[in-house]
Structure formats: structure tokens, C-alpha cells
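Written out below as C-alpha cells is the structure these notes cover.
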Amino acid sequence: MTSDGPGYDPSERRLTPLAKRLCRSIPAEGLSLSAYMRCCLLDAEHGYYNRKAVLGRDGDFITAPEISQVFGELIGLWCGVVWQGMGSPSRASLVELGPGRGTLMVDAMRAARRVPGFSEALDIHLLEASPRMQELQGEALRSSNHALSWPASLADLPRQATIVIGNEFLDALPIEQAQFRRSAGGVFDWHMRHVGVDEYGSSLTDEWRRIDRRARDHWRLPGAPTEGMVVERPDHGSLIEDIAALASEAPLAALFVDYGYVTGHGDSLQAVRNHRYEHPLTAPGEADLSAHVDFGGLAGRFLEYGLAVNGPVTQAEFLGSLGIVERASRLMALNPAKAAMIEAGVARLMAPGGMGTRFKAVGIGSPGLPPLPGFPTSQQES
Ligand code: SAH
């Protein structure tokens, strides 16, 4: 359905176990897009993140921490400097959102030991919805000698100084989509995307339901829409509210790194299976579904709660100002045999036109914290 992406080709459609179940169970009014995405990604039995090795060199996609250890190390040092900016509290929570295989946290912890007193002050919390991923994280962090917890939500965290980090987490959260299109009665109006079942009960279909007056308040719909225009709305659950609540009781900083845009974007929903894009209804549970992050909208939500927003800046600017080049050079000098690999990894993270610019970083701070490292101070809004 992506306007420039693949269409829904019936010959490619796979009746996966999850597709079969959905065909039997989808109610007459259809499933909202976010409910469909949640099911495809996190269903206990057939969800994408519970099924197989999706991350890393042998998986479907590779993320920054899996590309280079320098990424997690720099974020670990970032956390250490932020903690010092909080006045080096004797206890602090370090929370990672969607930690995948735990690689970022392992690298961050190794670097964190270089900041005196930091590592000892930390309680580590991993917010992870997939039991399979939780297992991988436990294995990766077993030797870190830190007590680990997997809270069900950020609302369960202790009210103490808190640092939250999330790499490629927000893009994995479900979205809703609205499109300006002709309704059955011929009138143009905004419709919300749903997933339904065809008349034979054997195949999933895209459905668009007109958005009623009251529901419109939840959308930021443009005033002069044109036919086919798509607006997206992320379903963050209570993430923003939970972060704001923590920040209202103790110092808090949060860092999100993800691919996304700052303003103006249409349909960004994508399904990737075996390194190929496909229509999101093609193979439920077997494709990675994700959407670009609306950094402008995200920043706006935090500003509404009185939190300071640093950035967004590109990943290349963020890592560059944290000293990625110096860190990589030192690592290469220490490991000459791995120098080419280290250099290639860093080049990939920084690539103009690639990860260096498609990915952005945004930092959130509670009022009164010094500007966060890695962001130009002129970019702090509060
Ligand atoms: N941060 C890791 C992994 C990114 S993939 C990295 O950079 O390598 C997205 C991660 O978020 C996976 O671990 C996935 O299981 C988890 N996840 C997806 N939706 C989630 C949700 N709603 N709540 C918590 N974790 C979620």
C-alpha cells in the first residue's frame, strides 16, 4: 500500500499461521492498523520478534550496535557524562527500551566503567516485550555482574535519577494511518486504515473507515488535503506520560536514536522480509513491520510536558561530536588485525546519504539538567 512501495500481489501472499488465525478471528469492523502491527510483531506464538534470529549479521536486519562496538561504547560514555550532570547520584536507573540482543548494553557497560562510580550506582532495567529477546539479553549481560530487571512498563521503575536509551525502538512501535480518499458515497474525507478479511474468509484486505468528528481530535490533519494524502500517528502507549512522570520526581534524561524525519512525511509503513520490501499484508508474522519516526511530533509531545528537547540532529553529527573518530582510531591502534573492520563499521554508521543522515538522535532532559552531550547547545528547546 506504500505509494512508492510494492502493491499487494495476490500471488506473493502467504497464508502464514498468523494469517490463518487472523482470517478466522478479525471482527466485522476490522482490526486497526496498530492492532494488526502489534500482533504481527509481538504475538506470543507467531510474532516476528518471538520467532527467530531477526537481528544481527545472520538476521533480517542489522542495527548500529551490531555493526560497531563503538556505537554502544559512546552511548555508555554519554550516559556517564549525563549522570555526572545529574550530580552523580548514588543510585540511578539505566533503562534500555527494546534492547534486541543486548549488544548495545554490553558495550555501554564496558565503557561506563571508565566513569568513576557510575557503574556501581546503576540499576539496569530492560523494557522488552518479546520473551525470546529477553532470553538473549539475559545471556548477553550475564557476566556484567549487574542485577537486571525486565519491568512490564516504565511506570514500575523506582522514583530515582533515570537515564533512558532506545536505539531503533520507536520505529518498532505500531502506528495508525489516515488517508484523504473518496468514501463509498463518493465524498472525499479522511479515513483510518484497518485490516479486514475478504468475502471468502481466506485473505486479508486493506480497509479504510471514515473517521468520525470526535475521533478527528486525535489526529493532526492538514487543513487543505489532496487526494491520497496520508497522515501517520504513532501508538506510543503510555511511553511519553511514563517518562514525564519519572521526570517530575527525579532528574531524567532520555536518548532516542532512530530513522525518521523532522517534518512532513506521508506513508512510511514498511514490511521487509528476507531483505526485500513487500506489502504489509503479504506475510503476517514473517516480515518486519516498521515506520519512520516523526521526530518533530515526538519533540512536541515532550515539550508539552515541560521537558527540554535537545536536537534532533543526524546520527553523524551526534556520534561525531561524541568523538567517534578519535575512539575508532584508538581502537584500531590497539587491534591492528581488526582495523579494517572497525573502520568499515564506523564509516557505515556515519555514511552521508546512509545511516549517518537517515538516522537521527534526540535527547530529552528534565528541567534544570545541563544541556545533554552530543547536541549543539543552541538546539536545546524548553
Ligand atoms: N535496540 C536494539 C534492537 C532494535 S529492534 C538494537 O539496536 O539492536 C526492536 C526491539 O524492540 C526488539 O528487541 C523488540 O523485541 C523490541 N520491542 C518491539 N516492540 C516493543 C514494545 N512494544 N515494547 C517493548 N519492546 C519492544
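What you see below is based on every heavy atom in this structure, not just the backbone, and it leaves out hydrogens, waters and symmetry mates. We count ligands from 1, going down the list as the structure has it; atoms in each ligand are counted the same way.
The protein heavy-atom contact nearest to atom 8 (O) of ligand 1 is Thr63 OG1, 2.6 Å. Summary of contacts: the protein heavy atom closest to atom 7 (O) of ligand 1 is Asn167 ND2, 2.8 Å. Scanning the protein heavy atoms around atom 26 (C) of ligand 1, the nearest turns out to be Phe169 CE1, 3.7 Å. In terms of protein heavy atoms, atom 9 (C) of ligand 1 is closest to Glu168 O, 3.5 Å. Scanning the protein heavy atoms around atom 19 (N) of ligand 1, the nearest turns out to be Leu42 CD1, 3.8 Å. For atom 22 (N) of ligand 1, the nearest protein heavy atom (residue, atom name, distance) is Leu173 CD2, 3.6 Å. Considering only non-hydrogen protein atoms, atom 14 (C) of ligand 1 sits nearest to Glu128 OE2, 3.5 Å.
Residue Gln137 forms a side-chain hydrogen bond (donor to acceptor under 3.5 Å, both in side chains) with just one option from Glu128, Arg101, Arg132, Arg142, and that option is Glu128.
Taking a cutoff of 4.0 Å between a charged side-chain nitrogen and a carboxylate oxygen, Glu317 and Lys360 do not qualify as a salt bridge. Ion pairing between a basic and an acidic side chain is recognised when a charged N comes within 4.0 Å of a carboxylate O; Glu207 and Arg209 show such pairing. A salt bridge between Arg301 and Asp294 is absent, with no side-chain N of the basic residue lying under 4.0 Å from a carboxylate O of the acidic one.
Under a 4.0 Å criterion applied to the non-hydrogen atoms of Gly100, ligand 1 contributes the atoms 2 (C), 3 (C), 13 (O). Close contacts between ligand 1 and Pro99 involve ligand atoms 2 (C) [criterion: under 4.0 Å to a heavy atom]. Within ligand 1, the atoms closer than 4.0 Å to a non-hydrogen atom of Met133 are 13 (O), 15 (O), numbered from 1 in the order shown. When each atom of ligand 1 is checked for a heavy atom of Pro65 under 4.0 Å away, the hits are 6 (C), 7 (O), 8 (O). Residue Ser130 approaches ligand 1 through these ligand atoms, each under 4.0 Å from one of its heavy atoms: 15 (O).
Note that CD of Glu73 is 10.5 Å distant from CG of Leu104, once rounded to the nearest 0.5 Å. To the nearest 0.5 Å, atom OG1 of residue Thr205 and atom NE2 of residue His194 are 11.5 Å apart.
Checking Ala129, Pro131, Gly98, Ser153 against atom 23 (N) of ligand 1, the nearest heavy atom belongs to Ala129.
Ring geometry for Tyr259 against His292 counts as perpendicular: the plane angle is over 60°, on a 0 to 90° scale with 30° as the lower cut.
Residue Leu33 comes nearest to Glu176 through the heavy atom pair N-OE1, 3.4 Å, listed as atom of the first residue, atom of the second, then distance.
Side-chain contact check for Met192 versus Trp208: every heavy-atom pair is 4.5 Å or farther apart.
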